[in-house]
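What follows is a short report on a single structure.
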Amino acid sequence: MPRPPADPADNFQPSYRVSRERLLEKLHGISRRLPVLVDSRSIAPRGPEGETLALDFAIVGARRPKHVLVLSSGTHGVEGYTGSAIQHWALDALLPRLSLGRDTAVVLQHANNPYGFAWHRRVNEDNVDPNRNFRDAFDPNQCSPDYEALYECLNPADLDPANEQRRWAEIQAYVDREGLRRFQQVAVEGQYKFPQGMQFGGHRRSAGTQHLIDLAREHLCAAQTVIWIDFHTGLGESGACELICGAALDSPAYAFAQQVWAGEVRSSQAGESISTPLNGLLDLGIQAVLPADARFAFAFPEYGTWPPERVIRAMRADNWLHHHGDLTDATGLAIKAEMLEAFRPASRDWMRTIVAHGSALVERTVGHLPGAGLAAA
Ligand SMILES: [Zn+2]
């Protein structure tokens, strides 16, 4: 049986590939005590070491469960280090203490966006933000006029210092005029017009989006209770956590989320959250394929890393790199290193804070899962 690492920061894995391999190995270990079924759905691209990129939907406990807790990671690729750390903690320290009734399961869904996780991008192999891609219809003209006006500032074709100075001055003038919150809304809400732009939501469902919808539809078809936590980083004060959900304030999903996470959860659609309203969110896409009478509670824990300007600069440079730069030269390597730091800081203290919060959150949540019991640590 795997043992929890002495230092909680060691739950953070060195790469997508290693995280996946160790996860599958640990699941094999767990299968001696609890039933395990892993449904892996791969995508066409490969990782930096030539490895397979896949979504691994690992069901521990009942097949076709009535009651299920899902812990998912890596919707925003590089943010997957954090969700995967919580999954590794769960494998080492939660599942060995867990008893599950015959209708109950815990699902570890590793790497919703395996390409972005492996290549240290937030977006996937189509330059699509997966958390703007969960919708049925795509309008290739959907884009705010303000995003369009700021397009060249947000998505530069060069990094020439004089041009960059002018662009940042234009962004600053916009923020002075309209406010930072409005800028955040415009920059991140999701746009469907510019395939090479940041926050592109796609012109169709990406492969990973379709895989996740299919996995939920097939394996959660008998579900009566679905509690789902999808881990994110990059927004908020360093090490702080906000629980965000996309559900409307008057929806049953919002009410159940408030019941499970007792007043902690904030609706992005209602403007309660540090996150502004967003298009094509994963939780709404998943809910649409669950049984209509299933109780559904969903939260995106969002862990802060660095101030917003540093995070936006990192994403913006990464977008430039993948369309105009060279991943292997000094500029490219520096941009990739900054991308990792922006969404998975190297600070071991930051990692310990996140694992302490995330593990406590999961333990509290297990208390709301019918048929699950947790022995003391
Ligand atoms: Zn995210």
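Atoms within a ligand are numbered from 1 in the order they appear, just like the ligands themselves. From a predicted model like this one, the values you see are computed outputs, not experimental measurements. Nothing fancy with the numbering, it's 1 onward along the sequence.
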Subject >> Name, closest N/O/S atom of His232 to the Zn ion (ligand 1) >> reply: ND1
Subject >> Sidechain N-carboxylate O distance under 4.0 Å for Asp136, Arg205 >> reply: yes
Original post:
Think Arg310 forms a cation-pi with Trp306, using NZ or CZ under 6.0 Å from the six-ring centre and within 45 degrees of its axis?
Top reply: yes
Original post:
Tracing side-chain links under 4.5 Å among I, L, V, M, F, W and Y, which residues wind up in one group with Val18?
Top reply: none
Subject >> Atom name, His76 (N, O or S, nearest to the Zn ion (ligand 1)) >> reply: ND1
Subject >> Remaining members of the apolar cluster that contains Val128, side-chain heavy atoms under 4.5 Å >> reply: Phe200
Subject >> Contact flag Glu79/the Zn ion (ligand 1), N/O/S atoms, threshold under 2.8 Å >> reply: yes
